[in-house]
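No experiment lies behind these values; they were computed from the predicted model shown.
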Amino acid sequence: MKSHLCKTLTESYLTFEELNTLLIQVEGILNSRPLVQLTDDLFDYEALSPGHFLVGRELTAVAEPLYDDWKESSLSRYQLVQKRMQHFWKRWSSEYVTGLQKRGKWYKEPALLRKGMLVLLKEDNVPPKTWKLGRIIETHPGKDGIVRVITVRTGNGVYKRPTTQVAVLPIDDNTVPAESQE
């Protein structure tokens with residue numbers, strides 16, 4: 001978090017109140033990350049986050065326009081703080097999801113993806129504190145038996161995704177669901 005914040009704040013001159021606002025927004029971003037699925041229900045796409053422990057529900061944010069293409073000289077001070085927060089979100093969320101993806105040597109078994117698992121979808125251009133979650137409804141193993149494509153159900157529909165575009169949540173109890181034990 002510190003390195004991303006330092007990169008976000010390069011050549012920024014923020015007042016105490018602006019920096020405090022930015023740090024509170026960064027704290028909200030960090031506390032919105034999904035940890036583990038709430039239920040085993042196949043139609044529940046919600047995950048437990050640190051925000052649940054703090055306020056009893058998931059943390060959300062008001063939709064803000066993206067300020068990437070705007071010149072900084074034309075932004076108000078509030079918009080400048082929002083631009084810094086959006087920049088932090090892009091850097092941190094993409095690196096966080098990439099860090100969740102298990103990568104091993106070619107001779108090791110890849111992460112076991114199975115039906116019913118709640119996964120985090122790797123998406124570009126999502127607003128801050130928005131995590132796209134879905135449940136695996138089908139795996140598609142290749143000729144060598146390794147799963148490289150999965151079918152995921154989200155609240156918006158069913159998608160086929162390569163396994164490089166999904167990440168298993170960081171805390172998993174590694175239990176096999178009852179339906180797959182048969």
Side-chain angles (χ1 to χ4, degrees), residues 1-38 45-106 108 110-113 117-134 152 154-155 161-174:
M1 186 279 300
K2 290 179 187 178
S3 64
H4 292 300
L5 190 61
C6 287
K7 291 173 185 170
T8 301
L9 292 176
T10 56
E11 299 182 17
S12 291
Y13 299 103
L14 301 176
T15 65
F16 175 76
E17 289 82 12
E18 293 167 348
L19 184 61
N20 190 34
T21 300
L22 180 64
L23 290 175
I24 290 170
Q25 289 175 338
V26 165
E27 178 186 12
I29 288 171
L30 297 176
N31 288 328
S32 72
R33 72 187 185 277
L35 296 177
V36 68
Q37 63 187 8
L38 281 175
Y45 310 109
E46 218 175 305
L48 186 67
S49 69
H52 282 88
F53 297 110
L54 297 172
V55 296
R57 60 179 172 76
E58 67 181 55
L59 299 176
T60 57
V62 177
E64 287 276 339
L66 293 176
Y67 297 112
D68 287 344
D69 299 331
W70 292 39
K71 291 183 180 178
E72 289 192 9
S73 59
S74 64
L75 296 175
S76 69
R77 297 302 291 180
Y78 174 77
Q79 291 170 336
L80 182 66
V81 171
Q82 294 306 306
K83 182 176 180 173
R84 297 287 181 253
M85 185 264 302
Q86 291 168 359
H87 184 244
F88 176 84
W89 164 257
K90 279 186 181 177
R91 294 181 75 101
W92 185 80
S93 64
S94 67
E95 196 165 304
Y96 177 71
V97 173
T98 304
L100 290 178
Q101 294 173 320
K102 301 235 187 281
R103 293 179 297 273
K105 298 285 188 180
W106 59 270
K108 290 185 180 177
L112 178 65
L113 296 173
M117 287 181 81
L118 187 67
V119 293
L120 184 59
L121 303 176
K122 193 172 185 180
E123 295 271 336
D124 293 331
N125 300 324
V126 291
K129 299 181 190 170
T130 304
W131 302 94
K132 301 284 186 179
L133 297 171
V152 180
T154 67
R161 287 290 181 99
T163 57
T164 58
Q165 294 297 312
V166 297
V168 178
L169 293 179
I171 299 175
D172 188 18
D173 59 355
N174 293 323

Indicate whether any N or O donor in one side chain lies under 3.5 Å from an N or O acceptor in the other, for Glu64 and Tyr78. yes

Checking the side chain of His4 only, and the main-chain atoms of Met1 only, is there a donor and an acceptor separated by less than 3.5 Å? no

Should the pair Phe88 and Trp92 be assigned to parallel (<30°), tilted (30 to 60°) or perpendicular (>60°) ring geometry? parallel

State, to 0.1 Å, how close Lys122 and Thr98 come at their nearest heavy-atom pair, and which atoms those are. NZ-OG1, 3.2 Å

Is the shortest side-chain heavy-atom distance between Gln25 and Val81 below 4.5 Å? yes

How long is the gap from CE on Met85 to CD1 on Ile24, to the nearest 0.5 Å? 12.5 Å

Would Glu123 and Arg161 pass as an ion pair if we require N to O under 4.0 Å? yes

Here the pair of heavy atoms bringing Val168 nearest to Leu100 is O-CB, 3.9 Å

Rounded to the nearest 0.5 angstrom, the OG-CG distance for Ser93 and Leu30 is 11.0 Å

So which heavy atom on Gln79 is nearest to which on Ser74, and how close? OE1-O, 4.3 Å

Hey, does the side chain of Gln37 reach the backbone of Glu46 with a donor-acceptor pair shorter than 3.5 angstrom? no

May I ask you to test the Phe53-Asn31 pair for a side-chain heavy-atom distance under 4.5 Å? no

Check whether any side-chain N or O of Glu58 sits under 3.5 Å from a backbone N or O of Pro50 as a donor-acceptor pair, and report yes or no. no

Apply side chain to side chain contact (heavy atoms under 4.5 Å, CB included) to the pair Gln101 and Val166, showing each step before the final yes or no. CA-CA 7 Å; Gln101 294 173 320; Val166 297; 5.8 Å; no

For the residue pair Ala47 and Leu169, what are the closest heavy atoms and their distance? CB-CD1, 4.1 Å

Determine the minimum heavy-atom distance between Lys129 and Gly28, stating which atoms define it. CE-C, 3.6 Å

Hey, what do you get for CG (Leu80) to CG (Leu14), rounding to the nearest 0.5 Å? 6.0 Å

Test side chain to side chain contact (heavy atoms under 4.5 Å, CB included) on Val26 and Leu5 and set out the steps. CA-CA 9 Å; Val26 165; Leu5 190 61; 4.2 Å; yes

Check whether any side-chain heavy atom of Leu121 lies under 4.5 Å from a side-chain heavy atom of Gln165, and answer yes or no. no

On a heavy-atom basis, the closest approach of Gly134 and Thr154 is CA-CG2, 4.0 Å

To the nearest 0.5 Å, atom CH2 of Trp70 lies from atom NZ of Lys83 at 10.5 Å

Spacing of CG belonging to Leu118 relative to OH belonging to Tyr45, to within rounding of 0.5 Å: 9.5 Å

Electrostatic pair Lys90:Asp124 at N-O distance under 4.0 angstrom: no

Proximity of Tyr96 and Trp131 rings by center, below 6.0 Å: yes

Considering only heavy atoms from C-beta outward, does the side chain of Leu19 approach that of Leu9 to under 4.5 Å? yes

Mind checking the CD-CG spacing from Glu27 to Leu54? Nearest 0.5 Å is all I need. 7.5 Å

Would His87 and Asp68 satisfy side chain to side chain contact (heavy atoms under 4.5 Å, CB included), going step by step from the backbone distance to the final call? CA-CA 8 Å; His87 184 244; Asp68 287 344; 5.8 Å; no

Taking C-beta and beyond as the side chain, do Leu120 and Pro34 meet within less than 4.5 Å on heavy atoms? yes

